[in-house]
Visitor: 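My questions will all concern the structure given below.
Lettering follows sequence order; numbering is per chain, from 1. Side chains are part of it too, since the values below use all heavy atoms of this structure and drop only hydrogens, waters and symmetry mates.
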Number of protein chains: 2
Amino acid sequence: MKKLDSSFKLIKEKLHKAGFKLTPQRELTVEVLLEKEKDHLSAEEIYLLVKAKNTGIGLATVYRTLEILTELQIINKLTFQDGIARYDLNMGSDKHQHHHLLCLKCGSIEEVKQDMLFEIEKEIERDYHFLVKDHRLTFHGICRNCAEQDKEDESDVNVNG
Amino acid sequence: MKKLDSSFKLIKEKLHKAGFKLTPQRELTVEVLLEKEKDHLSAEEIYLLVKAKNTGIGLATVYRTLEILTELQIINKLTFQDGIARYDLNMGSDKHQHHHLLCLKCGSIEEVKQDMLFEIEKEIERDYHFLVKDHRLTFHGICRNCAEQDKEDESDVNVNG
DNA sequence: AAATAATCGACACTAAGTCTCAACTACTAT
DNA sequence: ATAGTAGTTGAGACTTAGTGTCGATTATTT
């Protein structure tokens, strides 16, 4: 757990430097976020996971902590089409958001780490005189797993029909 | 109002063909959407605009109508970072969503009609084995107006200070 | 160890959106 | 043109994500 430990320390430092207290509730919230690094958790989910660590925490506290972490750019707040906010560790600390692949079948969210939009941002700035600060790019489609599942189902139908 | 008229007829036809009744509430909702083509209205805003045409309509009806229109791909339902659904006429009838420029200062939403992501989608499909059906791309930044405003304010400060 | 400013949890509240159901109406076929 | 009917409507109850309030608590500083 070396990597998590160092990230954990770094985040705690950031919080402290910004003048926030290091309460156990905040530490546990960060802990959960680090442990579920790959997921895109909602506030409710984070709340339940922190509570599951046999600790009490209020939902409002989770929201407040997430707000602070977003402010400090430790996490990103994302809203996909369902309108529910999800949170995403900003490990790379790039100023630009990475992209997401949202599966329409299973709802999974995969990340695309590279930033493919550099050229397009230049185009936007030139053609629309719009000063780009950040972007959100989500592809909607069918993930690898679901596509394979679909293929299997199809051949099942062919065999049985 | 030739263009609006023909769009209006087309939409009504689509509704009818899909087996939906052409109620005055639905017609008025479509009318509002056509009149405010450039805006990105929320359900609440559409509701008020329809009511303003000295007609009664229920909020639930607006939601239901918007759901149907989204289903039939006559409009697109968009959720930006505030989590409120906004609606957007799908005039071009391209299967792919156009892009948006969201100003962080004034909140305006501008459209980018071209689809700049063709190559990137190919990359995603190749590298991630993800079958892309659609995308959502929003640039966050400062629009032309606000940038100019900022410049003016700055020179004011210089003159007065 | 005491002072204190930040933080906490419980719960009331807001707001977007959905559900329910009795009343109504656009369409279809006569 | 009219009646029958399935789809639709509006009012308001409900759900759910998220915010605000406030008295009690606690991490930090001295």
Side-chain angles (χ1 to χ4, degrees), chain A residues 11-32 40-72 75-88 107, chain B residues 9 11-32 40-72 75-87 107:
Chain A
I11 292 171
K12 289 207 287 185
E13 226 170 90
K14 258 197 189 177
L15 270 170
H16 196 179
K17 270 186 193 165
F20 294 106
K21 287 183 182 169
L22 259 71
T23 65
Q25 292 89 338
R26 285 177 184 162
E27 294 205 13
L28 281 162
T29 303
V30 170
E31 214 178 287
V32 163
H40 292 75
L41 303 169
S42 67
E44 202 81 29
E45 285 164 347
I46 293 164
Y47 167 66
L48 291 173
L49 286 167
V50 174
K51 276 220 304 196
K53 287 176 179 282
N54 49 41
T55 344
I57 190 169
L59 184 54
T61 303
V62 172
Y63 276 106
R64 284 185 291 235
T65 302
L66 293 171
E67 202 185 342
I68 291 169
L69 294 173
T70 304
E71 220 172 85
L72 298 179
I75 58 178
N76 297 308
K77 183 178 178 178
L78 301 171
T79 312
F80 297 103
Q81 290 311 109
D82 62 2
I84 299 169
R86 300 182 171 278
Y87 300 85
D88 181 305
Chain B
K9 256 181 216 162
I11 291 171
K12 289 207 286 186
E13 228 171 87
K14 258 196 190 176
L15 271 169
H16 196 178
K17 270 188 193 161
F20 293 106
K21 287 183 183 169
L22 259 71
T23 65
Q25 291 89 338
R26 284 176 185 163
E27 295 205 13
L28 282 162
T29 303
V30 170
E31 214 179 286
V32 163
H40 292 74
L41 302 170
S42 67
E44 202 81 28
E45 285 164 347
I46 293 164
Y47 166 66
L48 291 173
L49 286 167
V50 174
K51 276 220 303 196
K53 287 177 180 285
N54 48 43
T55 344
I57 190 170
L59 185 55
T61 303
V62 172
Y63 275 107
R64 283 184 293 233
T65 303
L66 292 171
E67 202 185 343
I68 291 169
L69 294 173
T70 304
E71 220 172 83
L72 297 179
I75 58 178
N76 297 308
K77 183 178 178 179
L78 300 170
T79 312
F80 297 104
Q81 289 312 110
D82 63 2
I84 297 169
R86 299 180 173 279
Y87 300 84

Visitor: Taking atom C1' of dA10(C) as reference, at what distance in whole Å does atom CG of Leu59(A) sit?
Guide: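 The answer, rounded to whole Å, is 11 Å.
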
Visitor: Could you please name the option among dA17(D), dG18(D), dT9(D) that lies closest to any side-chain atom of Ala85(A)?
Guide: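 Side chain of Ala85(A) sits closest to dG18(D).
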
Visitor: Shortest non-hydrogen contact from Ala43(A) to Val62(A)?
Guide: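 Shortest heavy-atom separation between Ala43(A) and Val62(A) comes out as O-CG1, 3.7 Å.
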
Visitor: Send over the distance from Glu27(A) CD to dA6(C) P, rounded to a whole Å.
Guide: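 Glu27(A) atom CD is separated from dA6(C) atom P by 20 Å.
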
Visitor: If only side-chain N and O atoms of Thr23(A) are considered, is one of them under 4.0 Å from the OP1 or OP2 phosphate oxygen of dC8(C)?
Guide: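 Affirmative; the distance criterion is met.
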
Visitor: Report the distance from atom CD1 of Ile84(B) to atom C1' of dA15(C), rounded to the nearest whole Å.
Guide: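 That distance rounds to 8 Å.
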
Visitor: Measure from CG on Leu15(A) to P on dT7(C) and round the result to the nearest Å.
Guide: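 It is 9 Å, rounded to the nearest whole Å.
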
Visitor: For a quick test of reading the model, state the closest non-hydrogen atom pair linking Ser42(B) to Arg86(B) and the distance between them.
Guide: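 Closest heavy-atom pair between Ser42(B) and Arg86(B): N-NH1, 3.8 Å.
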
Visitor: Where the side chain of Phe20(A) is defined as all heavy atoms beyond and including C-beta, which of dG10(D), dT7(C), dA17(D) is the nearest nucleotide?
Guide: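 In terms of side-chain proximity for Phe20(A), the closest of dG10(D), dT7(C), dA17(D) is dT7(C).
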
Visitor: Look at Gln25(B) and dG10(D) and indicate whether a side-chain polar atom (N or O) is within less than 4.0 Å of OP1 or OP2.
Guide: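 Result: yes.
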
Visitor: Over how many whole Å does the gap from Glu67(A) atom CD to dG18(D) atom C1' extend?
Guide: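 In whole Å, dG18(D) C1' and Glu67(A) CD are 10 Å from each other.
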
Visitor: Search all heavy atoms of Ile57(B) against all heavy atoms of Thr29(B) and return the closest pair with its distance.
Guide: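 Closest pair (atom of Ile57(B), atom of Thr29(B), distance): CD1-OG1, 4.0 Å.
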
Visitor: Search all heavy atoms of Leu72(B) against all heavy atoms of Lys14(B) and return the closest pair with its distance.
Guide: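 Looking at all heavy atoms of both residues, the closest pair is O-NZ, 3.9 Å.
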
Visitor: Considering every strand and a 4.0 Å limit on heavy-atom distances, what is the contact class for Leu22(A): base, sugar-phosphate, or nothing?
Guide: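 Since only primed, P, OP1 and OP2 atoms lie under 4.0 Å of Leu22(A), the category is sugar-phosphate.
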
Visitor: Write down the distance between NE2 (His16(A)) and C1' (dT7(C)), rounded to a whole number of angstrom.
Guide: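 Spelled out: NE2 on His16(A) to C1' on dT7(C) is 14 Å.
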
Visitor: Between Tyr63(B) and dT18(C), does any side-chain N or O lie under 4.0 Å from OP1 or OP2?
Guide: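 Looking at the OP1 and OP2 atoms of dT18(C), neither is under 4.0 Å from any side-chain N or O of Tyr63(B).
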
Visitor: Would you kindly give the CD-to-C1' distance between Glu71(A) and dA6(C), to the nearest whole Å?
Guide: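 Interatomic distance, CD of Glu71(A) to C1' of dA6(C): 14 Å.
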
Visitor: Under 3.5 Å, is there an N or O donor on one side and an acceptor on the other linking the side chain of Arg64(A) and the base of dG9(C)?
Guide: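 It does, because a donor-acceptor pair links the side chain of Arg64(A) to the base of dG9(C) below 3.5 Å.
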
Visitor: Does Gln81(B) have more than 12 heavy atoms from other residues, nucleotides or ligands lying within 6.0 Å of its CD?
Guide: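 More than 12 within 6.0 Å, yes.
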
Visitor: Relative to the 5' end of DNA chain C, which residue comes earlier, Ala60(A) or Lys77(B), by the nucleotide with the nearest heavy atom?
Guide: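 First, find each residue's nearest nucleotide; the 5'-ward one identifies Ala60(A).
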
Visitor: Of the options dA6(D), dA10(C), dA27(D), whose atoms approach the side-chain atoms of Lys21(B) most closely?
Guide: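 Nearest to the side-chain atoms of Lys21(B), counting from C-beta on, is dA6(D).
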
Visitor: Could you tell me how far apart Lys12(A) (NZ) and dT28(D) (C1') are, to the nearest whole angstrom?
Guide: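 Atom-to-atom, Lys12(A) to dT28(D), this comes out as 15 Å.
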
